[in-house]
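Below, chains carry the letters A, B, ... as their sequence lines are ordered, and counting in each starts from 1.
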Amino acid sequence: MTAPAIAQGPAPLLAVENLKRHYVTRGFLGRGSYTVKAVDGISFAIARGETFGLVGESGSGKSTTGRLVLRLEEPSAGRVRFDGADITALPQSALKPVRRRMQIVFQDPYAALNPRMTVGDFVAEPLIVHGLAPARSEREDRVAALFRKVGLDPRFAGRYPHQFSGGQRQRVGIARAIALEPDLIVADEPITALDVSIQAQIVNLFQDLQEEHGLAYLFIAHDLSMVRYLCRRVAVMWRGRIVELGPTDAIFEDARHPYTRSLLSSVPIPDPDQERGRQPLPFDPDALRHAPDQPMVEVGAGHFVLA
Amino acid sequence: MGARGFFRALAASKAGMIGAGLVALFVLLCAAAPLLPVPEPTQSNLRARLMPPTLSWDAIGAHPLGTDNIGRDMLSRILYGGQLTLAIGAAAVVLGGFVGVLLGILAGFRGGITDRILMRLVDIQLAFPLMLLALIVAAALGPSVRNLIIVLALTSWTRYARIVRGQTLALREREFVQSARAIAASPWRIMTRHILPNVMTPALVVATLELARVIILEAALSFLGLGVQPPWPSWGRMLAEGRTYMASAWWIAAFPGLAIMLTVLSVNLLGDWLRDYFDPKLR
Amino acid sequence: MSSRIARRAAVALAAALWLLPAGLAGAQAQGQAQPRALTIAFAANVNTLDPHNTATIGTDMSVISHLYTPLLERGPDLKLRPMLATAWRMVDPTTWRFTLREGVTFANGEKLDAAAVKWNIERVRNPQVNARIRPWFRLVKDVNVVSATELEITTSEPFPALADQLSMFYLLPPQWAAQNNPATAVMPSGPYELKELRPGDRIVLGARAGYWGAQPAFGTVTFRIVPEVASRIAALMAGEVDLITNVPPSEFRRINATGRAQAGSVDSTRTFFIRYNNLKPPFQNNRNLRLALNYAVDKQAIVETIFGGQGRVANCGIMTPAYFGFDPAIQPIPYDPARARQLLREAGITGPITIDFDIPTGVYLLSQEVTQAVVAQLEEVGVRVRMNEMEFGAFMNRYLRTRELSPMGYLSLAWPTLDGEGLLSFYETGNIYAYWEDETYTNLLRQSRRTAEPEARQRLLQQAARRLCDEAPSLFLFTQPATFGTSNRVQWQARGDDWVRAWDFAPR
Amino acid sequence: MSRFLAGRFGESALAVLGVVTIVFVVTRLLGDPAILMLPVGATPEQLASFRAELGIDRPLFTQYVDFLWDAARGDFGRSFQHNRAAFEVVLERMPATLQLAGSAIALGLIIGGGAGLIAAMNRGGVIEVFVMLLALLGQATPVFWLGLLLILFFAVDLGWFPTGGGGSFRHLVLPAVTLATFTSASIARLLRSSVIDVLREDYVRTARAKGLMPRTVVVWHIARNALIPVATMVGILAGELLGGSVVTETVFAWPGVGRVIVQAIEVKDFPVVQAGIMLIAITFVSINFVVDLLYGVLDPRIRLR
Amino acid sequence: MSALLDVRGLRVRFDTPGGTVHAVNDVSYTLADGETLGVVGESGSGKSVHVLAMLGLIPRPPGRIEAGEVIFAGRDLLRLSEAELRDVRGGEIGIIFQDPMTALNPVLTVGRQIAEPLMRHRGLSRARAWARAAELLELVGIADPGRRLAQYPHQFSGGMRQRVMIAIAIACDPKLLIADEPTTALDVTVQAQILRLVRDLKARMGMSVIWITHDMGVVAGIADAVQVMYGGRIVERGPVRAIFKDPRNAYTWGLLRALPDHGRRSHRRLHQIEGQPPDLTLPPEGDPFAPRNPFATPRCFTETPPLVPAADAAPGHLVAAWYDLPRLLAEREGAR
């Protein structure tokens, strides 16, 4: 079993071991029930200050993975270790200290903010919940500082989300996520819904924050070029499994799994000279079957493939 | 959508404006009844019964809307009757709304067994023919304003509960609620700060539509003898009492009927406009 | 799920919904189309056709009277007249003898003779049968069949009103009744037979060949159930029905103006009053208060305005001239608010008081108008009244079952046999209806009961009525007019009691 | 499928049981039938023995258990008042009620459906304002008032229809129109907003982008989809019409179930109240069961998922 | 190549409670027969609205075409009656929309939805239309078309639905295919398949294509010419290579620079375009991009630049800018 091997970096901040999430779905008119294996036994580890990319297409289980790590969903099996402590079995009430150290930024900046709460209150909420700034004035100061940190004018704290553009809302979401000064942020497709001209702003913000606070990111995305730009290591998910995991350059230049290759060949390149005449590698999903307990094989330094 | 934007949008909508204006006018008029120069609504003069409406002020006692079947001033009864009708309607809507919103949020947020029990309750309530329920309750407890409010609220809570539950189910998956869980906010905090404010809008829309429905229902219950206790009037009761005279003294039934129709109409207009205003798809 | 099945089910459902009306359309409505047809509108449902299981004269009993034969019958003049019994007399204070008509049979040939009458009385008295009218025969001790046409009834104590009581007793065929349910099926001996029974809608009767008496003037009689008064008036004005009762006098002019119908009234035998609860304060031992309220209400104005001058003010009591024992000398208590206020002071009431008033809804003509007018007048003399309208069943429950009647309750009384003793017994000490305990009154009543001699009996009843007036255990209001509207096709001999019978009508 | 049906049936049965239990308890609070049924002048002893005959002097729980046991065997007791099986008393009124409710729904779908569609397709125009104002008025008119007005005008003044009673198609017209006024107003408003929702759907734009004739777009792409929420509404309206047409039944002397129950409540005829409400509840859940199945017809996503 | 489509001065407005949205402002361009035009822009740039407007597919009200002509095959689409326009839509012009999950009617079979335009425009009988629909399904690469025709959209995956949409759009052999962000909602592997399918179909059927997208990568692969839109205006237009290799508008340049370098991993900080997209209810005076443009000249803030041939550029390369981007870039390079 290589799961622990993959999950054991040098003193990882987050280690995920053989994590599973299965849903049992019942058809509308009781047409049998079937199990959806959203996440089906994955393992990885993230070091402090590292940006770890998780890529895959819709339905691959990458977002579920992010939610499982945060215990927003309960895993069916496997464990999540955070800073060495197993948090898988902790009751929700005992999670509070852990939640201070792990936060999430969502994809849709329109759905991620409470439309009935001022953005200032929204950013201040984690401080209140954790009793970090009991005095009102202190709290306001901290919220103002957070606003400045993410590039928002603190005078906007009294406004409601609909008065902001998509990029600004995403900044609000980030301000809330870093309010507790976490060690890890799960960024669940944080730039997908943004216009191209705004994406770069947010990505740069992520990088600045990482430099300043030593944050680790679990960066979930389907935009491979941005993942390549941001992440040191990448895992490729397909149908609930990690099919390939390794250093970014190894994955992009020496992909071993057919799915990874097909994926890489499908990404359009914004250069007519290169893009013209490029043929995406075909990939027949039905031809590929992984046994449930199939181990990953190390093919290079830290480069694993589900053979 | 601050208050200013709300009123600006209201002013821009003719229907919403008419609805809101009429509702405000009715409420004001009825509330101001004691200040207006009208006789007591219960003061009767048998010798001056069934007087037709008149604009002439030198007619006996001057009854602009005429007198009813035992000689009470119709205008006064319409104004005071409005107090009771609107108060009962508002109370029933608030009571039904409170229970419905509470249970709807609980069912939607807690899910599982809580949800199933509450939804079965809704089924039972819906399978209960409400007019008959009202009759039975009134026959068992006797008609009174309090019982009327309870009966009306009973028929109304399911509508809130269903809509609020649906909204809550959707909200529960919304990312800001997930985000609240991610910062370890308590379920109480999530329900009160994140879900409740976001279901209040649809609940408010339901409330306006329910207010209209409840006013109509009060009239029907009065017809079946389950209205408010005399001699204090409500529009429904006045309409029900006046039905015998519809052809011989039209004003006894026509004015309360008109009052009900106009109120229900304007509340509905307001409700429709609110729904459009709050509909994210239209904004 | 197969969509085809579901689709078909949907189509079938839709078709069924539309075929229903078509199916019912086959049953053509009867009514004015046929010559010599009579249509009568009832306000309430006819619940049973079993003459022993109903005491409701206005509907059930009226229909039954067309189908079955009684020993005797009360005519529109409110006098008894022979039916099956050609003669009857009191042999002694506890024995009655009836002579029966010969050769009367039911439609199935069963004889209606003395033995059949005895069987009928025994059916009612049998506790197993649980007949609704069993209380009527409480005093009957024995029934003897002297011959096929001769019958003797003995009672446990004098029962002067037995003949009157028997005028409401209709006779079933014994053998047929043993095998059929008389609630829904009919084996008639009367002038009509059942043609159609549509529960909740209408009952259609047809004249019966082979009836022993005269053939009725109307070949068809239809009773229609129309619960809403405004709809009844509309039906009359539209020419759909020939008789409606309980017409608000305010609508008289409108009905008369159609030229198709006319409205009118006769004095009824039903008197309205407000029952005080004399067993509790404030009315207990407080004659001044009881009288004060009697003075405070302008009964004349109520009769003149609300009833449009129909009916009459109650003569300080509950009897009308139709009753045996009526005393014309007793006069109504006049409207005198000053006297009322004075009496209130004498009653020791100086500050404002509030009295609860229970009012049954939906049963009495114009009860809302009357009670609200009364309450407004009581407020004029400084008595606040809290009105509790309740549905009639709830009212009766408080009145008789839980015995929690409020200090005041709106009520009316009539006694179908028109015997004053029966009517006055509602104030007798110990009667659950009474809410009053007065020894003098009760003694007078009991004395009358032991007296068979009519004049002495009448004197005693008049004395009791006088006592009732003096003590004023109720607020006496008025004798209700029996209002009605008839189509111009018929002439009705209007009557003061509730009976509605085809032979009281004549075609025009 | 069968598991779904069984589960759905169980839920429905539970709802009916809940309804009837509440009815059972509440009716026992109503009062005493004996007083109302025995003629005036009955003595307290006679009243007591009559109560014993009816079986209403026993402990409430015993009555309830017996009631459940009898009901399970299809016996709902004897009507105190009619002196025959209570279920029979109610059942014989059911066709009239179904006929009236069915006509009201059918009329409501035709008139309300048409009006709602027209209003939505003329969004912002005079027609929409006019139609929606009518619909609002339809919902704002107390039903007995409307009924009496219709009687006065169409039956008394014009003589086109009878004032009331059951029987022929002509008898049905006025009460059905009265009830349908509210139904069609509700349906018109719902369908309008439903159509407006559908109009915003991408597939309507697709249909128009295909250059289809407006009729095809309206019927197959708009109305078909807009009707789906109306199905639920019809289920609920049907429930309201079954028990809630008491007022219309009274005004038009229509011999429906509602009236027989109201009358039974008045005289405390418990078996009829119980049987009647049970019948209505069963009918209601059956209709909604059919509506659920109808969903499958209307919406293949549900049928085939 | 002759012009199939000639858009002149198209101006579209939306009247909303919040004010009038200036969605499309004086858009003019021509599309040659057989040309594939990539229209690029971010949300609110007017790239989708302008094509929907010319086909009469924007809701009116609140939408309104204030000015312009759209000459398609010799006729002005904006002057056609609704009935005439219906003959054009789905017949001569086929359209594919962005979200295949919502663009198909969920309650009708796929076969019916493909057959509809055939029956409508080609007057085919139902049976013939279904037969043709089966051929079309096969053409867009859906196996077992006979069975699939009887299925409903929810039984298809996203990519398959988009193929169905394409089958509908090409059913009547249109002269012009408009694809409104057809791959935005799809996964990249599916996107690649769809792109290839359209390329193949175009090669086989010879139609012109307008491909609307916000993804520069997609445009690079499919378009002959690219048109960049911002704030309801065309800010640059030209042959695909010219746009990518020699952008003359600062927005185009910024957009390309904001993408991470492809093909190799670099740690240069991403170029970011500061600020927010313009509020079209209050369109700024002058160049809409000026407030965000580091190269803006004072004139940019007062006067709207016309779309004119760029100096020293490839033929057909047009730009709307008051500044000379290559010179400014060179200066900046020099200053460093």
Hey, which of C:E228, C:R253, C:M390 has the most heavy atom pairs under 4.5 Å with chain B?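 Of C:E228, C:R253, C:M390, C:E228 has the most heavy-atom pairs under 4.5 Å with chain B.
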Quick check on the interface: out of C:N397, C:T361, C:V375, C:N388, who has the most heavy-atom pairs with chain B under 4.5 Å?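 Greatest number of close heavy-atom pairs with chain B: C:N388.
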Who among B:P230, B:A249, B:A247, B:S144 has the most heavy-atom pairs with chain C under 4.5 Å? B:P230
Chain C interface, residue from B:Q43, B:R49, B:M246 that has the most non-hydrogen pairs under 4.5 Å: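 The answer is B:R49.
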Return the minimal non-hydrogen interatomic distance between B:S44 and C:A376, and the atom names on each side. OG-CB, 3.5 Å
Taking side chain as C-beta onward, heavy atoms only, is B:T42 less than 4.5 Å from C:Q372? no
Does the side chain of C:E304 come within less than 4.5 Å of B:R47's, by heavy atoms? yes
B:Q229 side chain to C:E389 backbone, donor-acceptor under 3.5 Å: yes
Neighbour count above 12 (heavy atom, 6.0 Å) for [X] [atom1]:
X      : atom1 : answer
B:R162 : CZ    : no
B:R120 : CZ    : yes
C:R398 : CZ    : yes

So how far is it from B:S248 OG to C:E251 CD, rounded to the nearest 0.5 Å?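 That separation rounds to 3.0 Å.
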Heavy-atom cut-off 4.5 Å, strictly under: side chain, backbone, both or neither for [X] against chain B?
X      : answer
C:E380 : neither
C:L366 : side chain
C:E369 : both

Chain C contact via B:F223 - which portion, at a heavy-atom distance below 4.5 Å: side chain
Non-hydrogen atoms of chain C under 4.5 Å away: do they reach the side chain of B:L50, the backbone, both or neither? side chain
Interface residues of residues 231-242 of chain B facing chain C - heavy atom cut-off under 4.5 Å: B:P231, B:R237, B:E241
